[in-house]
Amino acid sequence: MAFQLPTTVSSHHNPILQPNECSSTLFQTIAAPASIVWALVSDFENPQRYKPFVRSCRIIDGQANQVGCLRRVDVASGLPASYSMERLEILDHDQRIFGFSIVSGDHRLSNYRSIMSLHPNGGDETVVVETYVIDAAEANTKEETCAFVHTIVKLNLRTLSRVAEDLAGKAQQQV
């Protein structure tokens, strides 16, 4: 049976797009409890734990893991960027909703916004839903921009899955 997004969070995953924007929603099923996945996702100060293109991160304004704080993300070599400045927009521990926006950096990701929600899916399984919105890059079409971002987000979700499942396995071994 296909995963049904709860109505309590569906508005977060249905953005109203401007003519120059593109968007996509990705789903990732993870064989780990939502509490383990949430501990990774909600740690705004440490995205490198599951985002392979992040070399390092530090909070540069505000209190860590508080809505409105800013982080500087240093990107791994090989990408057409070296850093990104990002603001925590949503951190709802009760509904497990996390969102951030990119406010500047030396890249072409203009007006990028991401919302992630986590949903227990029976037993020790979690469905992660991530929706992003981005302006089409000047030198690219909307389709090209979305294809690039989609590839990165998909890789991040796969890595999140692997890291969370490893943590869940280690936690189970300790029981």
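Please read all numbers here as calculations on a predicted model, not as lab measurements.
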Applying side-chain hydrogen bond (donor to acceptor under 3.5 Å, both in side chains) to Gln66 and not counting sequence neighbours gives none
Taking C-beta and beyond as the side chain, do Pro52 and Asn156 meet within less than 4.5 Å on heavy atoms?
-> yes
By side chain to side chain contact (heavy atoms under 4.5 Å, CB included), Asp106 pairs with (sequence neighbours left out) Ala81, Ser82, Tyr83
Validation row: Leu26, Tyr132 side chains within 4.5 angstrom (heavy atoms) = yes
State, yes or no, whether a side-chain contact exists between Asn140 and Phe148 at a heavy-atom distance under 4.5 Å.
-> no
Do Phe53 and Ile152 have side chains that get closer than 4.5 Å, going by heavy atoms?
-> yes
Output for pair (Cys22 SG, His150 NE2), nearest 0.5 Å, gives 11.5 Å
Any chance you could lay out the side-chain contact (heavy atoms from CB on, under 4.5 Å) test for Gln18 and Asn111, step after step, and finish with the verdict?
-> CA-CA 11 Å; Gln18 301 301 313; Asn111 201 26; over 6 Å; no
Enumerate the residue pairs fulfilling salt bridge (charged side-chain N to carboxylate O under 4.0 Å, His left out) with a member in residues 5-23, sequence neighbours excluded, ordered by first and then second residue.
-> Glu21-Arg113
Return the set of residues passing side-chain hydrogen bond (donor to acceptor under 3.5 Å, both in side chains) with His107 (not counting sequence neighbours), or none when no residue passes.
-> Ser84
Listed partners of Glu165 passing side-chain hydrogen bond (donor to acceptor under 3.5 Å, both in side chains), at least two apart | Ser161
Scan residues 24-34 for pairs that pass salt bridge (charged side-chain N to carboxylate O under 4.0 Å, His left out), counting only residues two or more places apart or in two chains.
-> none
Does some side-chain heavy atom of Val128 sit less than 4.5 Å from a side-chain heavy atom of Val41?
-> no
Nearest heavy-atom pair of Ala34 and Leu118: which atoms, and what distance?
-> O-CD2, 4.0 Å
Could you pull out the closest heavy-atom pair between Pro15 and Ser23, with the gap in Å?
-> CG-OG, 3.6 Å
Pairs where residues 27-45 contributes a residue and the test side-chain hydrogen bond (donor to acceptor under 3.5 Å, both in side chains) is met, not counting sequence neighbours | Trp38-His93, Asp43-Asn46
Test item: Ser110 and Glu138 side chains (from C-beta on) under 4.5 Å apart, heavy atoms = no
Value rounded to 0.5 Å, distance of CD1 in Ile134 from CG in Leu109 = 4.5 Å
Between Met85 and Val75, is there a shared hydrophobic cluster once you connect ILVMFWY residues whose side-chain heavy atoms come closer than 4.5 Å?
-> no
Are Ile97 and Phe27 connected in a single hydrophobic cluster, I mean Ile/Leu/Val/Met/Phe/Trp/Tyr linked by side-chain heavy atoms less than 4.5 Å apart?
-> yes
Does Val73 sit in a hydrophobic cluster with other residues, and if so which ones, taking ILVMFWY side chains as linked at heavy-atom separations under 4.5 Å, directly or through other members?
-> Val54
Nearest atoms (heavy-atom pairs only) where Pro19 meets Lys142 | O-NZ, 2.9 Å
Which pair of non-hydrogen atoms, one from Leu88 and one from Gly99, has the smallest distance, and what is that distance?
-> CD1-O, 3.5 Å
First locate atom CG of Leu160, then atom CG of Leu155, and finally report the distance between them rounded to the nearest 0.5 Å.
-> 11.0 Å
Taking the side chain as every heavy atom from C-beta outward, state whether Phe44 and Ile59 have any pair of such atoms under 4.5 Å apart.
-> yes
Which residues share a side-chain hydrogen bond (donor to acceptor under 3.5 Å, both in side chains) with Ser117, sequence neighbours left out = His13, His119
side-chain contact (heavy atoms from CB on, under 4.5 Å) between Leu157 and Met116: does it pass, once the steps are laid out?
-> CA-CA 10 Å; Leu157 288 172; Met116 222 182 217; 3.8 Å; yes
Any pair counted as side-chain hydrogen bond (donor to acceptor under 3.5 Å, both in side chains), so long as it reaches residues 49-63, sequence neighbours left out | Ser56-Asp74
To the nearest 0.5 Å, what is the distance between CG (Leu70) and OG (Ser101)?
-> 8.5 Å
Residue pairs fulfilling salt bridge (charged side-chain N to carboxylate O under 4.0 Å, His left out) with at least one residue in residues 118-135, sequence neighbours excluded = none
Where is the tightest heavy-atom contact between Ala32 and Ala164, given as atom of each residue plus distance?
-> CB-O, 3.7 Å
When Ile, Leu, Val, Met, Phe, Trp and Tyr are grouped by side-chain heavy atoms lying under 4.5 Å apart, directly or through other members, which residues fall in the same group as Val133?
-> Leu17
Just how far is it from atom CG of Leu167 to atom CD1 of Ile36, taken to the nearest 0.5 Å?
-> 6.5 Å
